[in-house]
J.: 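Quick one: this structure, given as structure tokens, is what I'll be asking you about.
Just follow the structure's listing: the first ligand is 1, and inside any ligand the first atom is 1. All values reported here derive from a predicted model rather than from experimental measurement. Throughout, numbering of the chain's residues begins at 1 and tracks the sequence.
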Amino acid sequence: MSNDIKQIFVISVFPKLINDFINYGVLKNGQNKSLINIESIDLRKFSDKNGYIDDKPYGGGPGMVIQAKPLIEATRYAKSKLENYKCIYLSPKGKKIDQEVIKDTADNHNLILIAGRYEGVDQRFIDLEVDEEWSIGDYVLSGGEIAACVVIDAIARMIPGVLGHKDSNKDESFENGYLEYPHYTRPEMVENLRVPDVLLSGNHEEIKKWRKKQSIFVTNNKRSDLIKKKLS
Ligand code: 4GX
């Protein structure tokens with residue numbers, strides 16, 4: 001698994017949203033280097049002969065629900081193209097994902113991401129085809145596409161070789177469970193604020209110590225929940 005290309009399929013009624021997003025920066029780089037392959041699947045290609053994919057909810061209520069059949073067919077199509085996949089429905093009801101989930105997925109699984117719209121999808125699709133439901137946070141989006149893009153981006157940058165300079169994610173927030181230390185660049189003075197002396201000292205041992213201390217300090221101050229999570 002680790003020596004073949006990471007595959008991510010995204011099922012959506014707005015495949016162009018995904019295709020535009022994946023054509024920039026780190027994602028483009030990863031695809032150009034054949035380290036990752038991202039494909040969007042247009043759910044409408046699996047519509048009934050009238051071109052519909054949604055219908056009114058049983059029991060009444062506002063809005064429309066995406067029908068199980070096109071979702072099942074699109075998903076089974078994606079599954080037929082992949083090995084070792086996890087099928088994920090993006091939804092506020094899902095498990096809230098973090099860097100650990102992202103890292104585990106980057107290391108071990110291909111992905112099929114289902115981006116829902118409208119009021120949601122027929123529950124029987126989730127029951128039949130979906131392995132896990134993931135949430136990117138406790139707020140409501142207008143569709144799962146942005147959530148899918150968040151997941152794709154976070155996974156891509158964990159794949160060795162995708163980031164420009166090797167190991168540049170090693171020091172970053174969450175990678176070691178702590179948030180990042182503060183960064184400074186020229187000039188030495190901005191208004192009345194000076195760059196911390198230690199960073200100008202040239203003493204790499206001291207700089208390393210200072211950064212570690214800052215990391216712990218920042219994490220404790222801003223996100224003490226991350227420290228508790230680390231200890232649990
Ligand atoms: N983290 N959304 C899914 C469709 C929907 C509507 C109702 C279930 C019930 C989201 C999130 C998110 C918006 C994606 C609603 N699904 N996805 N979509 N937060 O808000 O992942």
J.: Can you list every pair that meets salt bridge (charged side-chain N to carboxylate O under 4.0 Å, His left out) and has a residue in residues 19-35, with sequence neighbours left out?
T.: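 Those involving residues 19-35 are K16-D20.
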J.: Nearest to atom 16 (N) of ligand 1, what protein heavy atom do you find, and at what distance?
T.: Y89 OH, 2.8 Å
J.: Nearest to atom 3 (C) of ligand 1, what protein heavy atom do you find, and at what distance?
T.: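 Of the protein heavy atoms, L90 O, 3.2 Å lies nearest.
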J.: Set out, in order, the CA-CA distance, both residues' side-chain angles and the distance that settles side chain to side chain donor-acceptor pair (under 3.5 Å) for D122 and Q67, then state yes or no.
T.: CA-CA 6 Å; D122 190 307; Q67 292 170 302; over 6 Å; no
J.: Could you tell me the residue and atom name of the protein heavy atom closest to atom 2 (N) of ligand 1, and the distance to it rounded to 0.1 Å?
T.: P92 CD, 3.8 Å
J.: Using a 4.0 Å cutoff against the non-hydrogen atoms of Y139, which atoms of ligand 1 qualify?
T.: 19 (N), 20 (O)
J.: For ligand 1, which part of A147 has a heavy atom less than 4.0 Å away: the side chain, the backbone, both, or neither?
T.: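 Only the side chain of A147 comes within reach of ligand 1.
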J.: Counting heavy atoms not belonging to H204, are there more than 12 under 6.0 Å from its NE2?
T.: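 Counting neighbours around NE2 of H204, 12 or fewer heavy atoms of other residues, nucleotides or ligands fall under 6.0 Å, so no.
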J.: A quick test of your reading: do over 12 heavy atoms of other residues, nucleotides or ligands sit less than 6.0 Å from OH of Y118?
T.: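 Count over threshold, so yes.
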J.: Spell out, as yes or no, whether a donor-acceptor pair under 3.5 Å connects the side chain of Y52 to the backbone of K49.
T.: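 Checking the backbone N and O of K49 against the side chain of Y52, no donor-acceptor pair under 3.5 Å is found.
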J.: Starting from atom 18 (N) of ligand 1, locate the nearest protein heavy atom and write down its residue, its atom name and how far away it is, to 0.1 Å.
T.: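 Sorting protein heavy atoms by distance from atom 18 (N) of ligand 1 puts G116 O, 4.0 Å first.
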J.: Strictly by salt bridge (charged side-chain N to carboxylate O under 4.0 Å, His left out), give each pair with a member in residues 212-221 just once, sequence neighbours left out.
T.: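 The answer is none; no pair qualifies.
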J.: In the protein, which heavy atom is nearest to atom 1 (N) of ligand 1, and how far is it?
T.: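 Among all protein heavy atoms, the one nearest atom 1 (N) of ligand 1 is I136 N, 2.9 Å.
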J.: On a heavy-atom basis, I'd like to know which of K93, Q123, E119 is closest to atom 6 (C) of ligand 1.
T.: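 Going through K93, Q123, E119 one by one, E119 has the nearest heavy atom to atom 6 (C) of ligand 1.
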J.: Among all protein heavy atoms in this structure, tell me which lies nearest to atom 13 (C) of ligand 1, with the distance rounded to 0.1 Å.
T.: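 Going by distance alone, atom 13 (C) of ligand 1 is nearest to L141 O, 3.0 Å.
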J.: Could you tell me which atoms of ligand 1, counted from 1 in the order shown, lie closer than 4.0 angstrom to a heavy atom of G137?
T.: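 Reading through ligand 1 atom by atom, the close ones are 19 (N).
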J.: Using heavy-atom distances only, which candidate in G94, G144, S91 approaches atom 17 (N) of ligand 1 most closely?
T.: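 Among G94, G144, S91, the closest heavy atom to atom 17 (N) of ligand 1 belongs to S91.
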J.: Can you confirm whether L141 is buried at CG, in the sense that more than 12 heavy atoms of other residues, nucleotides or ligands lie under 6.0 Å from that atom?
T.: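 Enclosed.
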